[in-house]
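What follows is a single structure, written as structure tokens, with notes after it.
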Amino acid sequence: MADNKKKGILSKYSVWDRKKFSFVYVILIYPVIHVLLFYFYVHIDSFLMAFQDTKGDWSFQSLERVFNGFFKGEDPVSGINLLEYLWKSLLIWVNGTIVTDVISLVIAFMLTKHMVGSKAFRVVYSIPGLVGGVVFSRIMQNIYAYNGPMIALLDSMGVELSNFVRNDGLLGAQETAYATLLTQFFIFGITGGSMIIAGAYMKVPEEIFESARMDGCGLVRECVSIGIPCIWPTFSTLLTFSLCGMFVGGADFYLYSNGTGANGLVSIGYYMHRLQVAISQNVGNNQYLFGFASAFGMVITMFTIPVVLIGKKILSKINDVVDF
């Protein structure tokens with residue numbers, strides 16, 4: 001019975017195909033070794049720290065601290081309920097993925113139509129990506145400052161600003177800081193996604209769109225019914241990668257708040273930077289944070305893996321791969 005099953009599986013492949021399998025398996029050895037050596041081997045001590053106390057004895061104390069930080073507000077670094085950080089990270093992800101990527105789909109499609117200004121749009125939107133993250137954050141902080149150009153622009157538009165905003169700037173006031181950075185992430189998030197998606201659109205044969213236009217298909221229908229299904233493998237891959245960082249968004253908050261998380265500029269990404277700094281500042285008194293940091297990363301990974309696997313499965317079912 002087993003021989004029949006085995007013969008049935010291999011019978012649909014030729015001898016040449018089976019030889020190609022061997023070549024593929026040999027090629028795959030490198031990434032497997034890379035993961036085993038540079039991920040598991042390098043981080044094995046970090047994994048073990050999550051299950052040890054400061055004396056090296058086996059303990060679930062660090063994991064308990066992490067769960068208390070999420071549900072009881074007993075975070076050893078900030079004393080704040082980490083659920084607030086988690087929800088803000090999820091909001092950043094929704095803003096940067098669900099909203100931004102949908103708009104990127106439309107903008108990228110328009111770029112492929114060689115409309116007036118499309119080339120200039122590509123150049124202008126690519127320039128910010130050439131500036132380093134630390135430098136870019138400092139530039140934006142000056143733009144949002146109380147004497148910066150953004151306050152002057154809002155004044156010229158007749159927008160009413162509170163005294164807190166006028167005195168401390170957009171990032172210095174509780175009412176505007178988080179919304180300002182969400183808007184910034186939204187605007188600049190369109191750039192990278194649009195460039196990648198535009199490249200996928202360019203690979204779709206123009207004859208397909210010409211045939212659709214001859215049948216009376218409008219620009220919107222072209223984008224929704226033809227363009228998006230044709231580039232779905234690329235777009236679903238982008239969404240899958242974004243799921244990997246679903247719970248750790250907002251790392252830039254550490255830069256924009258100068259490491260304080262003031263005015264609501266907190267997230268899981270920010271907290272991980274804060275945790276690293278807390279460990280490095282006073283290793284002698286903060287030894288327990290090593291185990292806490294390890295357990296924290298492990299818990300976030302436990303949340304992320306099922307989300308990525310389920311999301312990838314759902315995305316693969318939404319649209320069939322189009323061959324052309």
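Everything quoted here is computed from the prediction, not taken from an experiment.
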In terms of ring plane angle, is the pair Tyr178 and Phe253 parallel, tilted or perpendicular, where the classes change at 30° and 60°? perpendicular
Can you check whether Ile314 reaches Lys317 side chain to side chain, under 4.5 Å on heavy atoms? no
Side chain to side chain contact (heavy atoms under 4.5 Å, CB included) partners of Lys72, counting only residues at least two apart: Asn68, Glu74
Which pairs of donor and acceptor atoms, one on a side chain in residues 291-307, lie under 3.5 Å apart (sequence neighbours left out)?
from   : atom 1 : to     : atom 2 : distance (Å)
Ser294 : OG     : Ser46  : O      : 2.0
Ser294 : OG     : Ala50  : N      : 3.4
Thr301 : OG1    : Gly297 : O      : 2.8
Thr304 : OG1    : Ile300 : O      : 2.7

Answer with yes or no after comparing the ring centroid distance for Phe70 and Tyr85 against a 6.0 Å cut-off, counting only values under it. no
Report the distance from atom CZ of Phe40 to atom CZ of Phe47, rounding to the nearest 0.5 Å. 6.0 Å
Indicate yes or no for a side-chain donor-acceptor contact from Ser267 to the backbone of Gly250 under 3.5 Å, with no hydrogens or angles considered. yes
I need the Leu315 CG to Lys312 NZ distance, nearest 0.5 Å. 9.0 Å
Would you call Leu309 and Lys313 a side-chain contact if the rule is heavy atoms closer than 4.5 Å? no
Show the nearest heavy-atom pair for residues Ile151 and Tyr144, with the distance to one decimal. CG1-O, 4.3 Å
Counting only heavy atoms not in Glu210 (residues, nucleotides, ligands), do more than 12 fall under 6.0 Å from its CD? yes
Gln52 and Ser59 side chains, donor-acceptor separation under 3.5 Å: no
Heavy-atom side-chain contact between Ser62 and Phe51 under 4.5 Å: no
Ring centres of Phe60 and Phe67 under 6.0 Å apart? no
When clusters are formed by joining ILVMFWY residues with side-chain heavy atoms under 4.5 Å apart, either directly or through shared neighbours, do Val102 and Leu90 land in the same one? no
Is it possible for you to say whether Tyr30 and Leu37 belong to one hydrophobic cluster, with membership spreading through side-chain heavy-atom contacts below 4.5 Å? no
For the hydrophobic clusters of this structure (ILVMFWY residues joined by side-chain heavy atoms under 4.5 Å, transitively), does one cluster hold both Ile92 and Leu86? yes
Dump the intermediate steps for side chain to side chain contact (heavy atoms under 4.5 Å, CB included) on Arg65 and Gln61, then the final yes or no. CA-CA 6 Å; Arg65 279 198 178 112; Gln61 190 177 51; 4.0 Å; yes
In Å, rounded to the nearest 0.5 Å, how long is the span from CG of Leu265 to CG of Leu255? 11.5 Å
Counting C-beta onward and ignoring hydrogens, is there a side-chain heavy-atom pair between Glu175 and Phe164 closer than 4.5 Å? yes
Has the side chain of Thr97 got a donor or acceptor atom that lies under 3.5 Å from a matching backbone atom of Val94? no
Quick check: is Tyr256 connected to Val135 through a chain of hydrophobic side chains (ILVMFWY, heavy atoms under 4.5 Å apart)? yes
Spatial distance of atom CG (Asp155) from atom CD (Glu160) [nearest 0.5 Å]: 11.0 Å
Please examine the side chains of Val266 and Tyr254, heavy atoms only from C-beta on, and report whether any two atoms are closer than 4.5 Å. no
Nearest-0.5 Å distance, CZ of residue Phe235 to CG of residue Leu105: 4.0 Å
Beyond-backbone contact of Leu181 with Leu170, side-chain heavy atoms, under 4.5 angstrom: no
Could you tell me whether the side chain of Ile228 reaches within less than 4.5 Å of the side chain of Phe109, counting heavy atoms only? no
Could you tell me if the side chain of Phe71 sits less than 4.5 Å from the side chain of Leu83, heavy atoms only? yes
Working to the nearest 0.5 angstrom, can you tell me the gap between Thr183 OG1 and Phe186 CZ? 8.5 Å
Do Leu239 and Ile197 sit in one hydrophobic cluster, given that two such residues count as connected whenever their side-chain heavy atoms are within less than 4.5 Å of each other, even indirectly? yes
